[in-house]
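Before any comments, here is the structure.
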There are 2 protein chains.
Amino acid sequence: MSKRELKKDHLLDAGLQVMATQGYNGTSIKDIVDAANVPKGSFYTYFKSKEDFAVEALEKVTEERIQHNRHLLGNRSVPPLERLTRFFTDNIGGCEQGIKGGCFIGNMCQEMSDSSEVIRLKVRQMLRNNTQAIEDVLEEARLDGSLKSPISSAVLAEFLFNAWEGTLMRMKASKCREPLNAFLTLLPAILGNQS
Amino acid sequence: MSKRELKKDHLLDAGLQVMATQGYNGTSIKDIVDAANVPKGSFYTYFKSKEDFAVEALEKVTEERIQHNRHLLGNRSVPPLERLTRFFTDNIGGCEQGIKGGCFIGNMCQEMSDSSEVIRLKVRQMLRNNTQAIEDVLEEARLDGSLKSPISSAVLAEFLFNAWEGTLMRMKASKCREPLNAFLTLLPAILGNQS
DNA sequence: ATTTTACAGACGACCGGTCATCTAAAGAAA
DNA sequence: TTTCTTTAGATGACCGGTCGTCTGTAAAAT
């Protein structure tokens, strides 16, 4: 990784942390460069606009998550359904500490979907990636017989991931683990019910 | 309702519509007063700050929702579980057209929970109100025997409402009904499973 | 006449974005 | 090796515009 790429990465990392807690419109370019200890003028050397920064940040956070999940969701030595449960319990910590900041993708989705089409499309793509990862594990579980639900893996994955995002969101407001507990209580019932 | 209260209400209504699509930080005082056709200087006659406006808007939107739901969730001539299903299918339209804007409370939750404690607390309260309404119907269904889940109504209500908010959020990004369909597909399974 | 409310305009701060200038390393010419 | 030229990247001052809020006055209400 070149020096240039390192600096851009640093800008992305530092800015992401600010934008994840203050939102897109609540974060100024100055906030971002200050957090990265980079002069303001340099920002536009690396990003063509604030919007562009957000899109790249969205990509980065998802890329990191996917890399993290590859070990978790793709680990064949653990039963698929247990892997899925771990995916949720592990990400509560990994997703910007869960209770503070919440899920960056979810935040951007709510704040920007109706304001920026570029961001909306990127968010949609990132959400799809996550849903697909869940669907893959569910399909695996179906093949080994541990998933008996008559509902298709695609629908199940869509529902579960959306419910999960809603859970993260609720935790932002409530600042407690109750929503997480409710989710984890229902999860086995949803996966294991009906023949 | 006095003339003053009417004007304030109008300001709240018009501003809400803007803030629901553009977010808190994406909406200026000018946007609000322009939408309501009220001179800019008048804003601070009715609200002590922008933050105060948001809190009052949050209260208003929930108050309206509750009034709307009182007919729906409290209507004893319809079986409780069917009332609950209707609550979701009806609110998809009522909740700012669902696909555009999404749920105002959810939007504010994601954008502002970490920036304004006043707004966070109001959001939490409003979310609790909604959850409680669902819990009440579930409890009713349990008493009449139509709800057999061994999971407590409180946990069930918490999960369902969060899943619902996640569904609304996803629809903002995807602009399609797939998330809603997934939710409605899983709903009976969650309510009706296990003995 | 006195108090209260409505509002135009102004306030300084800050916004996202631009730009002329500076720096420093690489290459060419000597 | 030394000097000069070129150039990509770095940078802080600065742009027009907008932000949330306040103040002074006019209008209205009592």
Side-chain angles (χ1 to χ4, degrees), chain A residues 1-58 107-108 111-112 114-120 122, chain B residues 1-58 107-108 111-112 114-120 122:
Chain A
M1 208 184 237
S2 75
K3 194 175 270 186
R4 191 196 146 90
E5 282 168 326
L6 274 171
K7 202 162 177 184
K8 181 173 179 175
D9 217 60
H10 174 57
L11 218 28
L12 233 21
D13 267 335
L16 190 53
Q17 212 152 348
V18 182
M19 204 175 263
T21 58
Q22 296 179 201
Y24 180 89
N25 285 308
T27 304
S28 67
I29 310 283
K30 190 175 184 304
D31 288 337
I32 296 171
V33 295
D34 282 357
N37 256 89
V38 161
K40 173 151 183 232
S42 297
F43 182 86
Y44 290 90
T45 305
Y46 302 99
F47 307 98
K48 69 180 220 291
S49 67
K50 189 185 181 183
E51 200 179 38
D52 176 51
F53 175 88
V55 169
E56 294 219 38
L58 238 15
N107 297 354
M108 294 297 278
E111 185 183 355
M112 298 306 294
D114 288 324
S115 303
S116 160
E117 187 69 0
V118 195
I119 292 179
R120 197 201 114 229
K122 183 52 72 176
Chain B
M1 209 184 238
S2 74
K3 194 175 269 185
R4 182 175 208 277
E5 283 168 325
L6 274 171
K7 203 162 177 183
K8 179 173 179 175
D9 217 59
H10 175 56
L11 216 30
L12 233 22
D13 267 333
L16 190 53
Q17 211 151 350
V18 183
M19 204 176 264
T21 58
Q22 296 180 201
Y24 180 89
N25 284 309
T27 303
S28 67
I29 309 286
K30 187 175 185 304
D31 288 338
I32 297 171
V33 295
D34 282 357
N37 255 88
V38 161
K40 184 173 178 198
S42 298
F43 182 86
Y44 288 89
T45 307
Y46 302 99
F47 308 98
K48 70 179 219 291
S49 69
K50 189 183 181 184
E51 200 180 36
D52 177 50
F53 174 88
V55 169
E56 295 219 38
L58 237 15
N107 297 353
M108 293 296 279
E111 185 183 355
M112 298 305 294
D114 288 325
S115 303
S116 161
E117 186 69 0
V118 195
I119 292 179
R120 198 200 113 229
K122 183 53 72 177

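Residue numbers begin at 1 in each chain, while the letters A, B, ... track the order of the sequences.
- Closest approach of B/Arg4 to B/Thr45, counting heavy atoms only: NH2-O, 2.8 Å.
- Between B/Lys8 and B/Glu5, no side-chain nitrogen of the basic residue sits less than 4.0 Å from a carboxylate oxygen of the acidic one, so the salt-bridge criterion is not met.
- Taking OG from B/Ser116 and OH from B/Tyr24, the interatomic distance works out to 6.5 Å, rounded to the nearest 0.5 Å.
- When the side-chain nitrogen and oxygen atoms of B/Arg4 are compared with OP1 and OP2 of C/dT4, none of them lie within a distance under 4.0 Å.
- Rounded to whole Å, atom C1' of D/dC19 lies 11 Å from atom CG of B/Asn25.
- Put simply, CZ on A/Phe43 is 17 Å from C1' on D/dG9, counting in whole angstrom units.
- Comparing D/dT21, D/dT11, C/dC7 by their closest approach to the side chain of A/Ser42 singles out D/dT11.
- Dashed line: the shortest gap from a side-chain N or O of A/Lys40 to OP1 or OP2 of D/dC15 is not under 4.0 Å.
- To the nearest angstrom, P of D/dA10 lies 11 Å from CG of A/Leu11.
- Taking atom CD1 on B/Ile29 and atom C1' on C/dA10, their separation rounds to 16 Å, with Å as the unit.
- In this structure, A/Lys7 is not positioned above the aromatic face of A/Tyr46 in the sense of NZ or CZ being under 6.0 Å from the six-membered ring centre and within 45° of the axis.
- Residue A/Lys30 places no side-chain N or O under 4.0 Å from the OP1 or OP2 atom of C/dA13.
- Residues of residues 48-55 of chain B having a heavy atom closer than 4.0 Å to DNA chain D, listed by number: B/Ser49, B/Lys50.
- Taking atom CG of residue A/Asp34 and atom P of nucleotide D/dT11, one finds them 14 Å apart after rounding to whole Å.
- Contact check for A/Phe47 versus A/Leu12: side-chain heavy atoms found under the 4.5 Å cut-off.
- When distances run from any side-chain atom of B/Tyr44 to the nucleotides C/dG16, D/dT11, D/dG20, the shortest one goes to D/dG20.
- Side chain of A/Lys122 to backbone of A/Ala54: no donor-acceptor contact under 3.5 angstrom is found.
- For C/dC15, the OP1/OP2 oxygens have a side-chain nitrogen or oxygen of A/Ser28 closer than 4.0 Å.
- Remark: B/Asp13 engages B/Lys60 in a side-chain hydrogen bond (donor to acceptor under 3.5 Å, both in side chains) (not counting sequence neighbours).
- Rounded to an integer number of Å, the gap from A/Gln22 CD to C/dC15 C1' is 14 Å.
- Listed nucleotides D/dG20, D/dT11, C/dA6 differ in distance to A/Pro39; the shortest reach to its side chain belongs to D/dT11.
- Taking atom OH of residue A/Tyr46 and atom P of nucleotide C/dG17, one finds them 18 Å apart after rounding to whole Å.
- D/dA10 atom P lies 12 Å from atom CZ of A/Phe47, rounded to whole Å.
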